Amino acid sequence: MNNFQTNLTQLKSGMVALVGVPSDENSSFLRGPAQAPGQIRRVLHSGSDNLCAENGHDLGREPRLLDVGDLPLGPGTWQADGAPIITQHIANLLDREARVLSLGGDHAVTFPIVQAFAAKYPDLTILHIDAHSDLYEEFEGSRVSHACPFARIMEAGLAKQLVQVGIRTLNAHQKAQAEKFGVEIIHMTDWQPGMALNLAGPLYLSLDLDGLDPAFAPGVSHHEPGGLTTREVIDLIQAIDVPLVGADIVELNPVRDLVGMTTAVAAKLLKEIAAKML
Ligand code: MN
Ligand code: MN
């Protein structure tokens, strides 16, 4: 699996790099998301579905989509202020003028990934789909918890605009954080299917699968009923009309999945995101 450095040499300008970030040590409740990249690849190549996105773009015949494998992450990956090795690896992909689609991993991986994106794209807008705003100043003593990445991103000024969709767990602390950082939150109570989002480019999409209702995506660590349908998330992706330079799909927990349902959702969304990037 870990031919990462070798595969990197095949990555050329204009390609989409699919990369696994198998890290779940910053999850607060359950482990499991580190197994997600391998499981999503398994479903993607199982033959149960073809590799065609809904716009007709056949990713099975697309030489510009390159799976570079999983990042080689050791025990020393995480430090108090981030994961510089993840940032460095993603920066290497971006230096080759590729767009990068990362498979988490828990949501902690988004901070070091976005550090690399912000260095390349100073005017980055982030669209964040999640049940949770992940804006905690710190969570259970950790500043790199999967509950904190968007606090780290915003305090470091890594995004010009952060738009959150699917939120349905905002407490007083996170509400104050959102106001402090100027986060635009579209709460589930205000959500309407087909809602137009005012997004600028270049755009980074961070997709936490618990933003979907657990009826559609049960294989996540935190079940939060009352979420988005699979169709609504697909429609959101297809409606993006600015350059989508990067994305992550995080928080798939295969240990909690039912008959591979959530893994199939992740594979489906991967196809739609990759087709949009290309
Ligand atoms: Mn999250
Ligand atoms: Mn979440």
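Order of listing sets the numbers, starting from 1, for every ligand and every atom in it. These numbers come from a predicted model, not from an experiment. The figures here come from the full heavy-atom set of this structure, side chains too, leaving out hydrogens, waters and symmetry mates.
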Got E184 and Q161 here, is their nearest side-chain heavy-atom distance under 4.5 Å? yes
Identified side chain to side chain contact (heavy atoms under 4.5 Å, CB included) partner of I129 from the options I237, L228, I249, L269: L228
Can you check side chain to side chain donor-acceptor pair (under 3.5 Å) on E137 and H173, steps first, answer last? CA-CA 9 Å; E137 170 60 25; H173 167 65; over 6 Å; no
Taking N, O or S atoms only and a limit of 2.8 Å, check whether D210 reaches the Mn ion (ligand 2). yes
Below 2.8 Å, any N, O or S contact between H132 and the Mn ion (ligand 2)? yes
Please find the N/O/S atom of D208 nearest to the Mn ion (ligand 2) and write down its name. OD2
Among H107, Q174, Q177, which residue meets the side-chain hydrogen bond (donor to acceptor under 3.5 Å, both in side chains) test with D134? H107
Taking backbone and side chain together, does D130 place any N/O/S atom at a distance below 2.8 Å from the Mn ion (ligand 2)? yes
I'd like to know if E272 pairs up with R231 as an ion pair, taking the criterion as any Lys NZ or Arg NE/NH1/NH2 lying under 4.0 Å from an Asp or Glu carboxylate oxygen. no
N, O or S of H128 under 2.8 Å from the Mn ion (ligand 1): no
So does D106 have any N/O/S atom less than 2.8 Å away from the Mn ion (ligand 1)? no
Need the atom name: nearest N/O/S atom of H107 to the Mn ion (ligand 1). ND1
Short check: any N/O/S atom of E224 below 2.8 Å from the Mn ion (ligand 2)? no
Under 4.5 Å between any side-chain heavy atoms of V114 and I126, yes or no? yes
Give a yes or no answer on whether the side chain of D210 reaches the backbone of A131 with a donor-acceptor pair at less than 3.5 Å. yes
How is the N/O/S atom of D134 that comes nearest to the Mn ion (ligand 1) named? OD2
